[in-house]
Amino acid sequence: MEDLKEEDICRVCRAEGTKEKPLYHPCICTGSIKYIHQECLVQWLKHSKKEYCELCTHRFTFKPIYAPDMPTRLPVTDFVSGLIRTVLRAVRFWFHYILVAFAWLGVVPLTAYRIYRCLFAGTVSSLLTLPLDMLSTENLIPDCIKGCFVVACTLCAFISLVWLREQIVMNGGPAWLEPREDNVEVANDQVAENLVNAGVNQDGGLGENEAVVGEEGQAVNDAAVAANAPEDENNWNPVEWDRAAEELTWERMLGLDGSLLFLEHVFWVVSLNTSFILVFAFCPFHIGYFATILFSLDDMVKSSHLDKLLTTVLGYIILAATLVYCHSMASLFKMKKAKRILGLCYIIVKVSLLMVVEIGVFPLVCGWWLDICSLPLFGSTLKSRQEGFHSAPGTSLFLHWLVGMVFVFYFASFVLLLREVIRPGVLWFLRNLNDPDFHPVQEMVHLPLYRHARRFLLSMVVFGTTVMLMVYLPVQSIRHLMPMFLPYNIRLSSEVPMSELSLELLLLQVILPALLEQGHTRQWLKGLVRGWLVATAYFLDLRSYLIGDVALDGMANVIHFNNEYHVVANQPALPDNAAPQPNVNQAAPPAGHGEFREGGRVVIQPYIRPERFTLRITFLIAFMCLSLAVASFLFLTLPVAVGRFVMHLVVSGITVHELYTAAFGLYIIWLLCRTASIVVSWLPLGVNGIVDKMKSWTLLVLKCCVIAIFIIGVIPFLLGLIFELVVVSPLRVGMDQSPLYFPAQDWALGVLHTKIICAMAMMGPEWWLKRVLDQIYQNGLREMDMTYILQKLIFPVTICLMLMITTPYVAANLFIPLLVPSREIQLLFIRQVYPFLLAVVLLLGGLVFQGKQFQRLYEHIKNDKYLIGRRLVNYEHSTNIPSTSNT
């Protein structure tokens with residue numbers, strides 16, 4: 001049978017080529033995907049947003065087709081007219097963007113702040129002079145900056161309100177806000193009765209009852225909808241808003257699409273800011289202000305230096321109490337709509353106050369308590385802290401809040417790590433942040449205030465006790481056992497040859513990232529905690545209670561979940577004549593604590609309750625407190641002592657900031673622990689295996705040292721020296737002065753420059769430095785190719801940097817004396833040769849950039865007038881035909 005030849009077809013539309021639509025082979029692909037129509041390729045490129053083949057990564061090229069009457073060179077008149085059109089178009093766009101920037105960065109924040117200032121002035125004259133204040137040119141920049149903060153607050157409040165309402169609509173409100181109506185209960189009962197009466201026929205078929213159920217069920221559903229109609233009238237139907245939001249984009253909303261519709265949005269934003277300032281700031285503040293005057297609390301509030309904040313919070317509290325009273329009156333008089341509106345307003349105020357307490361007050365109190373307990377650590381007193389607060393209350397509040405927030409974050413992280421080790425249910429009194437059923441905002445909405453107050457007091461007790469154990473007791477122990485160790489030195493010294501800026505950059509850019517980015521640190525801490533738990537459980541016979549890895553054979557249905565043994569809560573009931581096991585605690589912890597969900601089942605793990613359980617738990621708590629105090633004592637002393645010893649060897653006789661000594665000591669301890677863990681992991685290999693490992697690791701360490709000398713030492717030093725010669729010395733040192741160079745400071749600045757250059761190279765376009773850095777990163781530390789790094793990275797970069805330093809200096813000292821006889825002018829040229837060459841390089845780069853822009857403008861004008869189409873270029877001829885853009 002004769003073989004039939006397969007026709008060439010397009011890879012996209014699977015059609016053959018014609019004279020009107022020929023087939024092209026524009027890339028390296030062969031076989032059935034070799035050919036494609038130009039129209040199909042153009043449509044695919046528009047859809048995929050790419051300019052190359054996804055299979056062979058070959059870039060597609062198109063040949064421009066011009067009109068037959070196009071001259072060889074573009075006429076001057078055509079070029080001038082195209083240039084004028086381009087300039088006018090650019091001017092129009094720039095004018096529009098300036099108007100957009102003026103509206104959003106000038107009018108909106110300036111209007112918001114001056115309205116805010118006018119409302120809080122509290123005088124009639126401020127209201128009368130508000131139009132003149134809006135047009136005033138005094139303090140424009142400060143008012144705009146403050147206005148940006150006001151606008152950010154109002155937008156956050158608006159977004160929070162919308163999000164809170166969505167939470168209430170989706171998840172429901174508290175029981176007192178949405179009670180079940182009697183008619184709804186009657187309708188539900190009618191549904192159940194109809195379903196029972198409309199049962200299945202005895203012969204297994206539905207028969208006519210199916211229609212009855214459908215009709216009666218529809219009637220009951222209609223009744224239920226009618227019963228909920230008054231409730232639904234208060235709900236917002238988002239359908240129309242969703243359709244409007246589909247057409248609204250960020251470009252159109254901000255005015256970046258070239259239209260003037262953004263002026264309407266500017267007006268609405270200004271109106272929103274004004275209404276929110278009036279409702280959420282002005283009214284609560286003046287309510288609290290009148291309350292302080294009424295109860296004679298104004299002097300006490302002013303003495304706190306936080307009078308406006310405390311007055312506003314007091315106003316919110318009074319407003320919440322008023323809303324509760326009005327809601328009770330509306331319930332008494334059966335005013336359903338007013339009752340729901342007042343209830344929603346109360347929920348908003350309640351959630352706002354709870355957020356302030358949880359996010360603002362609680363970390364602030366923790367920060368204050370930490371500062372008070374750690375005063376001897378820094379040689380400070382409570383009186384000095386009070387003086388600092390009175391001199392700068394805002395700064396003091398922010399710093400204490402930040403310290404408290406960091407402490408709360410690390411405490412929560414440690415609790416999460418602890419939950420991975422201990423038995424589920426031990427920490428039932430602490431909320432599990434990883435629980436998928438944990439919704440803090442929903443708890444704020446549903447739980448009553450006394451529950452939140454009790455939880456807040458419990459958290460204060462836990463955190464306060466932890467601070468006492470981990471800060472106050474260790475510091476007092478250090479003062480008595482090591483009286484010369486404290487206080488920490490936190491004063492900067494100008495005698496240190498390695499300046500504070502250099503050390504800070506080194507600390508933030510090299511030491512701490514290298515320490516914190518290691519995943520072994522968390523595993524070590526987890527292993528240390530587990531070891532402590534195992535040892536404590538062994539001495540106190542609490543292994544089943546603490547760890548929960550004791551098998552409960554014959555006592556419960558045990559399953560394995562997440563590397564731990566758990567017991568299914570919904571296990572079958574015991575027979576009547578079966579006695580319960582006396583040594584197993586079958587009582588579950590409170591709801592939501594010590595529980596897991598697996599396949600829709602609630603999984604709870606019981607434990608064996610030993611004798612004298614209360615006494616054992618008491619000893620456990622005491623031993624835990626002692627362990628925390630000892631661990632904190634070691635953490636406060638050991639890294640600082642090691643760092644002080646190392647700094648004494650480096651800069652002998654000079655006191656260094658304790659932050660750097662602690663960081664260096666911590667890093668050295670980490671290196672020692674890491675080395676010890678590696679050696680321990682080699683022990684199962686035997687003597688020969690350890691020797692082989694030590695040989696390979698010694699060779700790797702030597703390679704790393706050689707590479708580190710250049711990458712961490714030589715290259716950063718050269719970069720820092722170039723920056724010193726080009727930027728710092730011409731700006732800092734006068735012509736009648738001799739520049740002084742500090743190699744250590746230049747090296748530390750060069751470390752920062754090296755890190756920035758590497759980050760920019762990895763994020764930038766494809767070029768040789770990015771390819772080399774990516775290849776080094778892909779090889780990793782153990783597969784490091786020293787020859788490749790030296791040849792492709794270190795030698796080219798080092799030679800280039802050294803030429804940048806030496807060539808201008810040698811040229812200036814060789815040729816300038818031959819041309820200029822005056823010694824002063826020679827020194828001037830020698831001092832200014834580096835910034836002069838930088839200016840020349842920038843000028844040449846600008847000229848090259850402008851030349852490319854002019855060429856692009858020339859091509860754009862020519863294409864606008866004479867281009868009639870583009871033709872796809874086949875792969876064989878792509879090297880002989882100039883390529884252009886894909887579309």
Side chain to side chain donor-acceptor pair (under 3.5 Å) partners for [X], two or more places apart:
X: Q778; answer: none
X: K526; answer: E420
X: D785; answer: none
X: W768; answer: none

Evaluate the side-chain proximity of [Y] to [X]: yes if any heavy-atom separation is below 4.5 Å, no if none is.
X: W524; Y: R674; result: yes
X: L721; Y: L725; result: yes
X: L473; Y: M468; result: no
X: I28; Y: C53; result: no
X: L486; Y: M482; result: no

Q: Could you go through the side-chain contact (heavy atoms from CB on, under 4.5 Å) check for L427 and I422 one step at a time?
A: CA-CA 9 Å; L427 298 178; I422 64 175; 3.5 Å; yes
Could you tell me whether the side chain of [X] and the main chain of [Y] form a donor-acceptor pair under 3.5 Å?
X: Y834; Y: I805; result: yes
X: T807; Y: M804; result: no
X: D774; Y: K770; result: no
X: E658; Y: Y488; result: no
X: S632; Y: A629; result: no

(Q) Please give me the minimum heavy-atom distance between P730 and E724, naming the atom from each residue. (A)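 Heavy atoms of P730 and E724 come nearest at CD-O, 4.1 Å.
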For [X], which residues count as a side chain to side chain contact (heavy atoms under 4.5 Å, CB included) partner, sequence neighbours excluded?
X: T465; answer: V461, L469
X: L837; answer: P808, V833
X: A761; answer: W767, L769, L773
X: S374; answer: D371, L377, F378, V471

Heavy atoms of other groups near [X] [atom1], more than 12 under 6.0 Å:
X: F485; atom1: CZ; answer: yes
X: Y741; atom1: OH; answer: yes
X: M760; atom1: CE; answer: no
X: R479; atom1: CZ; answer: no
X: M784; atom1: CE; answer: yes
X: F409; atom1: CZ; answer: no
X: E766; atom1: CD; answer: yes
X: M802; atom1: CE; answer: no

(Q) Set out, in order, the CA-CA distance, both residues' side-chain angles and the distance that settles side-chain contact (heavy atoms from CB on, under 4.5 Å) for W401 and C366, then state yes or no. (A) CA-CA 8 Å; W401 175 84; C366 291; over 6 Å; no
**Q.** Any pair counted as ring pair (Phe, Tyr, Trp, His ring centres under 6.0 Å), so long as it reaches residues 528-551, sequence neighbours left out
**A.**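 Of all non-adjacent pairs touching residues 528-551, those that pass ring pair (Phe, Tyr, Trp, His ring centres under 6.0 Å) are W532-F623, Y545-Y607, Y545-F613.
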Q: Give the intermediate values and the outcome of side-chain contact (heavy atoms from CB on, under 4.5 Å) for residues I712 and W747.
A: CA-CA 9 Å; I712 302 180; W747 170 74; 4.3 Å; yes
(Q) Please determine whether side-chain contact (heavy atoms from CB on, under 4.5 Å) holds for the pair Y788 and Q775, giving the CA-CA distance in whole Å, both sets of side-chain angles, and the decisive distance to 0.1 Å. (A) CA-CA 10 Å; Y788 178 83; Q775 183 63 38; 3.6 Å; yes
Can you name the residues that form a ring pair (Phe, Tyr, Trp, His ring centres under 6.0 Å) with [X], not counting sequence neighbours?
X: F795; answer: none
X: F723; answer: H753
X: F411; answer: F463

